[in-house]
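One structure below.
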Amino acid sequence: MQGAYIAIGNKRYLLKLPGNQINQQNRMEYNFRAIEKKWQQHWKETEAYRVPNESNKPKYYVLDMFPYPSGAGLHVGHPLGYIASDIYSRYKRLKGFNVLHPMGFDSFGLPAEQYALDTGQHPAVTTRNNIATFKSQLNNIGFCYDWSREVNTSEPHYYKWTQWIFLQLFDSFYNRQTRRAERISVLTTAFEKEGNKSHPCPGDPVLKFTADEWENFDTARKMDVLMNYRLSYCGYGEVNWCEALGTVLANDEVVNGVSERGSYPVVKKKLRQWYLRITEYADRLLEGLESVDFSEAMKEMQTNWIGKSSGAEIEFSITNQESGVGNKLKVYTTRPDTIFGVDFMVIAPEHELVDQIKTEEQAKAVEEYITYVKSRSERERMAEKKISGVFTGAFAENPFDGRQIPIWISEYVLAGYGTGAIMAVPCGDERDFKFAQHFNIPITNIIGSYFKGDEANPTKDAILQNSGFLNGLVMKDAIEAVIREVEKRGIGVRKTNYKMRDAAFSRQRYWGEPFPIKWIDGVAYPLDEKELPLQLPHVDSYKPGPEGEGPLANIPAWTSQHLETNTMPGYAGSSWYFLRYMDPHNKEAFCDRKASDYWGQVDVYIGGTEHAVGHLLYSRMWTKALYDLGYISHDEPFRRLINQGMIQGSSRFVYRINGTNTFVSKGLLNEDGTYSERQDKVDMLHVDVNIVDGLELDIEAFKNWRDEYKDAQFILEDGKYICEAEVEKMSKSKYNTVNPDDLVQKYGADTFRMYEMFLGPVEMSKPWDTKGIEGVHRFLKKLWRLFYDEIKGKVWTEEKATDAELKVLHKSIRQIEEATDRFSFNTGVSGFMIAVNELNDLDCHKKEMLQSLLVLLTPYAPHIAEELWQQLGNEGSVLDAPYPVFEEKYVKETSKEYPVSVNGKLRTTINISLEATPAEVEKLALENEVVQKWLEGKAPKKIIFVKGKMVNVVV
RNA sequence: GCCCAGGUGGCGGAAUUGGUAGACGCAGCAGACUCAAAAUCUGCCGUUCGCAAGAAUGUGCUGGUUCGAUUCCAGUCCUGGGCACCA
């Protein structure tokens, strides 16, 4: 950059000039570093991105899923969605909207705590540092965030309101009659009047009491009952318990039944846990999907997660001799029509009846199996292909034909779903069939020829046989018949079931929101609103507390106040942050009603599918609850959702000859992956992608990369060391992360932004490859040269544009506007490239043209657009310039080069007027030499003509 | 295992409603400019056959529907995401 070209004759020389003399010359070159710095500073000083809560413009709310500020900083995968949303926000602003486009940090979480455990650094400190890094990285890219609205979930003035919302949920229940959340006081008033007959208990379905009984409950009992209704409630749940570490582990800290750190055994342990009663909202979460613009795939994932099914809960009597007689085994089935095909029962190994019903002969086998299952994660149990299980020795009686059915336990039945017990029908269910085969359990066929004995058939169309009173009925119809009969006999009920479970809402950790709850005599009391925020206390050690409790249990000052020692999970703060952005500094409320009424729903929400069923469902539930309680006026948080794909890492590897410090270039390896005639074994080692150009290793950089490679030897091919490449997750440990800062430094933010978009559709996952960025950078330089010649200086003119030039412009307006509208930013970028190429071909430097192009470009490359906009002599910022309006008349065509096929195969093209009638087109097509050749004198059977598209002659 | 998505040149991708497959860019090759390099510009660039004209073939794989399929249907393989304490 330090220099300029001068021309002598027709030759050019690059002159080295001192820094203070280059300004005027410099302007002729695309000096992106100076330009970007200048405008970022200017926009900051003029508060160009500040968004008011009052405006006569229509509002538009564009939101990114905010990041967890990890210690590794931002890598090129993060900004993909942010760039997309930034482009869209700027586009909407140009189109005249008041656009809310905020950013913040989801700053509570496990990694900061683990880091604290390892290094003793307080999570608040590391989090603050990480946020500073993230912010500077984000600002580098030139995003138009209104930073005055930044939120950090781990700051007391934010989590005060997370705690406050928790208390609202705590003080609410879901009224199934009105289908909304209502205050607990509504419930107690009802209890006083009529007991719980109008409000069946969601936490304990068999609980029934009268007004008198309620009146006579003591306080503890009353609170206990209410706990079973609250939308946030305390119960018991299983966690991954690691005795050796004395702590509870997250699922991804457990690998194959042992802890990831140290490989200690991990077992299931029941602990007191907080939950959100999201199951009460299951139906509304389903219905709400109809009113939002999410992809079908996303809706399907959420629907499947909620997993609504209907069927029946049926009781079977247990009939074995030794014990358990008189007990009932309750199963849930969606296929009661197959009741006569039940050949065995399977109950979850942790089912409460197992202990009572197992026979003495089977006791040992059962216990051994339970020990095995305890070490298994739910994931492993579901994914297991190997069939396993143990007979309990007990039998149940089929209520319809009295058949004795053996009761088994197996890991494929989970305690948490339905009743934790199933009736197995091997002729109709594949898993049951395999189980029966494996354990040689005889199979009853109730569907005649539909079942051939080699695989189960889940049909509902068969006519039932061997099925008592159902014989002759079609299965579909039998479902209803059985449910009616079951209810008539009082041995079961019709039942709607949900796969979704209540959301576990507590963690035995330090770095999360404290619960504003005090425990007194085993009863949970909420803190008063005035006591919020309940601040996280300082700790000296992040070690777990006794008996699986969190670190807070180690603090006497905390426990002496009887405060809850659990903290809230990562998703607490993220379940409502989109509301806080609307009114981030409010000290009186989580968000002023006026602000939320103005901004309403998020119009476009951009984020990854990995949040499909977690964060998105929780936010939807919180929004619905806040709506029900009258705090906001909309009950779906996100009107439209765009899923951004993941950027994967493209890892590079070097081959080292086993036991040496010599590295062999990839192409020199034998086919079997060994080296040389001696067939030396080689090790494949990760190497930092940043010291590899494409596939070619920078050998000097490699030697400096790590001490152990200082004296490395290389066996080269064609003088180069060629690396192996593989696509993997982008992660520091794989040395495949690329820092956006480096690319911005080298090519500028505008190039970086456009290149990320140019990689492909936002929704799609793709590996990162730095190589192509040059092309986008060249494009911006080419654009610059439409304005400035490096010798002649400014080259734009005030001349009137020609028709050909106007056509280029309006074609571009159409393509780019439409691409931006449908989030197809990659084709948007290519639209700019085409426009610049064509203007270049036309040698067009007319201000009229270029100016419009700059406005189109503003959302994608704001810095260069603003600079050139100013250079052209415009007043005001390009950020608010009028968006060019497409006019059809400039792009109208009169004729088209029609593709002409014979029998569907393209043979030639003919230029035909768009006015031509079908008859004229047919005539022209048949007269065509090429068509005649392919007709070989035969008459055409048919001619298909689609106006403006194609002609096909069928022989 | 279950749910969801995606497979198109050497590479990233385009083709919006079933109508010219490969836009745009990278890499590569050839050329211009240059003492040289960089930068820039021009041309070529799916595969096979052919001097060429042209022909055949080609969107993971196997079938189907259609005048016509990357696009719709059935099956299948592979890759990625999620599966409830990573965020």
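Just so we're on the same page: letters track the sequence lines, and every chain starts at 1. Every value quoted in this text rests on a predicted model; they were computed, and no experiment measured them. All heavy atoms count here, side chains included; hydrogens, waters and symmetry mates do not.
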All N/O pairs under 3.5 Å across the protein-nucleotides 60-64 of chain B interface:
none

Could I get a table of every N or O pair under 3.5 Å where one atom is in the protein and the other is in nucleotides 53-56 of chain B?
| unit_1 | atom_1 | unit_2 | atom_2 | d |
| --- | --- | --- | --- | --- |
| B/A56 | OP2 | A/Arg907 | NH1 | 3.0 |

Exercise for the section: Remember a base hit wins even if backbone is also touched, and classify A/Met382 as base, sugar-phosphate or nothing at under 4.0 Å, heavy atoms. Expected result: base
Exercise for the section: Could you work out which one of B/A39, B/A5, B/G12 sits closest to the side chain of A/Lys781? Expected result: B/A39
Exercise for the section: Check whether any side-chain heavy atom of A/Tyr30 lies under 4.5 Å from a side-chain heavy atom of A/Asp750, and answer yes or no. Expected result: yes
Exercise for the section: Can you check each nucleotide of nucleotides 76-82 of chain B against protein heavy atoms at under 4.0 Å and return B for base, S for sugar-phosphate only, - for none, in 5' to 3' order? Expected result: ----SSS
Problem - Nearest to side-chain heavy atoms of A/Arg778, which nucleotide of B/C26, B/A84, B/C3 - result: B/C26
Handout entry: Nearest-Å distance for atom pair NZ/C1', residues A/Lys766 and B/G12
Key = 9 Å
Problem - Side-chain donor-acceptor pair present, A/Ser824, A/Thr827, cut-off under 3.5 Å - result: yes
Handout entry: A/Arg814-A/Ser812 side chain donor-acceptor pair, cut-off 3.5 Å
Key = no
Write down the protein N/O and nucleotide N/O pairs, taken from nucleotides 14-21 of chain B, whose separation is under 3.5 Å; answer none if there are no such pairs.
| unit_1 | atom_1 | unit_2 | atom_2 | d |
| --- | --- | --- | --- | --- |
| B/A14 | OP1 | A/Asn826 | ND2 | 2.8 |
| B/A15 | OP1 | A/Arg822 | NH2 | 3.4 |
| B/U16 | O2 | A/Glu818 | OE2 | 2.7 |
| B/U16 | N3 | A/Glu818 | OE1 | 2.9 |
| B/U16 | N3 | A/Glu818 | OE2 | 2.5 |
| B/U16 | O4 | A/Glu818 | OE1 | 3.1 |
| B/U20 | O4 | A/Glu897 | O | 3.4 |

Exercise for the section: Scan A/Met500 against the nucleic acid and name what it touches under 4.0 Å (heavy atoms): base, sugar-phosphate only, or nothing. Expected result: base
Practice task
Would you sketch RNA chain B in dot-bracket for me? Only Watson-Crick or G-U wobble pairs with both distances under 3.5 Å count, crossing pairs as [ ], other-strand pairs as |, the rest as dots.
Solution key: (((((((..(((......[....))).(((((.......))))).((((....))))..(((((..]....))))))))))))....
Exercise for the section: Remember a base hit wins even if backbone is also touched, and classify A/Lys499 as base, sugar-phosphate or nothing at under 4.0 Å, heavy atoms. Expected result: base
Problem - Rounded distance (Å) that lies between atom C1' of B/G28 and atom CD1 of A/Ile722 - result: 14 Å
Practice task
Assign B/G9 to syn or anti; the rule is syn for a glycosidic angle within 90° of 0 and anti otherwise.
Solution key: syn
Exercise for the section: Tell me what A/Val248 touches on the nucleic acid: a base, only sugar-phosphate, or nothing, going by heavy atoms under 4.0 Å. Expected result: base
Problem - Out of B/C3, B/A23, B/U42, whichever nucleotide has its closest atom nearest the side chain of A/Asp841 - result: B/U42
Practice task
Pick base, sugar-phosphate or nothing for A/Asn837, based on heavy-atom distances below 4.0 Å to the nucleic acid.
Solution key: sugar-phosphate
Handout entry: Atom C1', compared across B/G58 and B/G9: separation rounded to whole Å
Key = 10 Å
Practice task
Please measure how far the P atom in B/U48 lies from the corresponding atom in B/C11, and state the result in whole Å.
Solution key: 15 Å
Problem - Expected output: side-chain A/Asn903 to main-chain A/Lys905 donor-acceptor under 3.5 Å - result: no
Practice task
Assign A/Gln273 to base, sugar-phosphate, or nothing according to its heavy-atom contacts below 4.0 angstrom with the strands shown.
Solution key: base
Exercise for the section: Quote, to the nearest angstrom, the C1' distance that separates B/U57 from B/U70. Expected result: 16 Å
Exercise for the section: Please state the C1' separation for the pair B/A87 and B/G81 - nearest whole angstrom. Expected result: 14 Å
Exercise for the section: Any pair with a residue in residues 605-615 of chain A that passes side-chain hydrogen bond (donor to acceptor under 3.5 Å, both in side chains), sequence neighbours left out, goes on the list, sorted by first then second residue, please. Expected result: A/Tyr577-A/Tyr605, A/Tyr605-A/His615, A/His615-A/Ser619
Handout entry: Under-4.0 Å side-chain N/O to phosphate OP1/OP2 contact, A/Arg785 with B/C41
Key = yes
Practice task
Have a look at A/Val951 and say if it touches a base, only the backbone sugar-phosphate, or nothing, with a 4.0 Å heavy-atom cut-off.
Solution key: nothing
